[in-house]
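One structure coming up, written as structure tokens, with questions to follow.
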Amino acid sequence: MTNPDKQNPVEASDVEAAAKTETTQGSGTSSFSAITQRWKREDLVKASPITRGLCLLFSLLAFIIMVSNKHGYGRNFDDYEEYKYVLAIAIISTVYTAWQTFVYLSKREFFDRRTSMLVDFSGDQIVAYLLISAASSAIPLTNRFREGQDNIFTDSAASAISMAVFAFVSLALSALFSGYKLSTHSFI
């Protein structure tokens, strides 16, 4: 486990030694609980790449399902603006989350730390808004089609919309984690 200031990793034996030292000095569990709370905060911050990975998966699925939703005259996704919007936002979300996942896995910093945190926070919020906007624009059209008949075209559209909603939930959680990460650092 490493701390956010890119210092040496903290080993479990170091924590135990620090806890024993603090216990003998009289402050007891306060320093040990502070260390465990710090670990919990760091684990919370590490959850953001996991939620972005889930968003990448769901966005990619929404993209693939919507592109393959061509079933003849009047039943092609590209005949309807709402479905084109879902496709466009799924592409944007896939590219954004793929880039964020690449940056996390490559351990490279393309911007300074403050700019990177601001991009993470604002990008997560903007793309999450676009995802829920796309899904909410396509739901009424799909419901209208389902009133007439329920077929593979409407089922495919509904599943692509569902994947967009799941991607939104994943990215909204990531935005919460990014906001927490941004709020715990002082840049003054």
Notebook entry, point to check: Around atom OH of Y85, are there more than 12 heavy atoms of other residues, nucleotides or ligands at under 6.0 Å?
Noted result: yes
Next item on the list: Please say whether more than 12 non-hydrogen atoms of neighbouring residues, nucleotides or ligands are located less than 6.0 Å from CZ in F166.
Entry: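 Count not over threshold, so no.
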Margin query: When you measure from the side chain of S136 to the backbone of I132, do you find a donor-acceptor pair of N or O atoms at a distance under 3.5 Å?
Written below: yes
Next item on the list: Please report the shortest heavy-atom distance between A90 and T94, naming the atom on each side.
Entry: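 Nearest heavy atoms, A90 then T94: O-OG1, 2.7 Å.
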Next item on the list: Compare all side-chain heavy atoms of M163 with those of L60 and state whether any distance is below 4.5 angstrom.
Entry: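 M163 vs L60: side chains apart.
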Item checked: Nearest atoms (heavy-atom pairs only) where S137 meets A134 -> OG-O, 2.9 Å
Margin query: Membership question, hydrophobic clusters at under 4.5 Å side-chain separation (ILVMFWY): are L141 and I161 in the same one?
Written below: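 Yes, I161 and L141 fall within the same hydrophobic cluster.
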Check: About how many Å separate OG of S116 and CG of L182, when rounded to the nearest 0.5 Å?
Finding: 10.5 Å
Notebook entry, point to check: Would a hydrophobic clustering, with Ile, Leu, Val, Met, Phe, Trp and Tyr connected at side-chain separations under 4.5 Å, put Y104 with I50?
Noted result: no
Next item on the list: Answer yes or no: is there a donor N or O on one side and an acceptor on the other, between the side chain of S156 and the main chain of F153, under 3.5 Å?
Entry: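 Pair absent, no side-chain N/O of S156 close to backbone of F153.
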Next item on the list: Report yes if some heavy atom in the side chain of M117 is under 4.5 Å from a heavy atom in the side chain of S122; otherwise report no.
Entry: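 No, too far: nothing below the 4.5 Å cut-off.
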Note to self: If you take the centroid of each ring, where Trp contributes its six-membered ring, are W99 and Y96 closer together than 6.0 Å?
What the structure shows: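 Centroid separation for Y96 and W99: 6.0 Å or greater.
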Notebook entry, point to check: Strictly by modelled atom types, are R144 and T154 linked by a side-chain donor-acceptor pair under 3.5 Å?
Noted result: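 Their side chains do not contain a donor-acceptor pair, so the 3.5 Å distance test is not met.
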Check: Does any N or O in the side chain of T142 come within less than 3.5 Å of the main-chain N or O of A138, such that one atom is a donor and the other an acceptor?
Finding: yes
Notebook entry, point to check: In terms of hydrophobic clusters joined by side-chain contacts under 4.5 Å, are I64 and L57 together?
Noted result: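 Cluster IDs for I64 and L57 differ.
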Item checked: Joint cluster assignment, V165 & F58, ILVMFWY side-chain distance < 4.5 Å ->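 Not linked; separate clusters.
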Notebook entry, point to check: Rounded to the nearest 0.5 Å, what separation is found between the CG atom of L118 and the CG atom of D120?
Noted result: 9.0 Å
Next item on the list: Just do the side chain to side chain contact (heavy atoms under 4.5 Å, CB included) check on T115 and D112 with the steps written out, would you?
Entry: CA-CA 6 Å; T115 305; D112 65 334; 2.4 Å; yes
Item checked: Nearest heavy atoms of N69 and A157, plus distance in Å -> ND2-N, 3.5 Å
Note to self: As an exercise, state the distance from CD of Q125 to CG of L176, rounded to the nearest 0.5 Å.
What the structure shows: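 CG of L176 is found 8.5 Å from CD of Q125.
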Next item on the list: Could you label the plane-to-plane angle of the F145 and Y83 rings as parallel, tilted or perpendicular, counting under 30° as parallel and over 60° as perpendicular?
Entry: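 F145 vs Y83 ring planes: tilted.
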Note to self: Do the side chains of R146 and D155 get close enough for a salt bridge, i.e. N-O under 4.0 angstrom?
What the structure shows: yes
Next item on the list: Please answer whether the main-chain N or O of S170 pairs with a side-chain N or O of S174 as donor and acceptor at a distance below 3.5 Å.
Entry: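 No: the side chain of S174 does not pair with the backbone of S170.
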Note to self: Given L171, which partner from the list L130, D124, L56 fulfils the side chain to side chain contact (heavy atoms under 4.5 Å, CB included) test?
What the structure shows: D124
Checklist line | Interatomic spacing from CG in L131 to CD1 in I126 - rounded to 0.5 Å | finding: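 Separation between the atoms: 12.5 Å.
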Check: Atom CG of L54 and atom OG1 of T101: how far apart are they, to the nearest 0.5 Å?
Finding: 10.0 Å
Check: Looking only at heavy atoms, which two atoms of C55 and A167 are closest? And how far apart?
Finding: SG-O, 3.5 Å
Next item on the list: Can you see which heavy atom on T97 is nearest to which on R52, and at what distance?
Entry: CB-O, 3.8 Å
Next item on the list: Please check if F63 and V86 belong to a single hydrophobic cluster, counting links between Ile, Leu, Val, Met, Phe, Trp and Tyr side chain heavy atoms closer than 4.5 Å.
Entry: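 The answer is yes; both residues are in one hydrophobic cluster.
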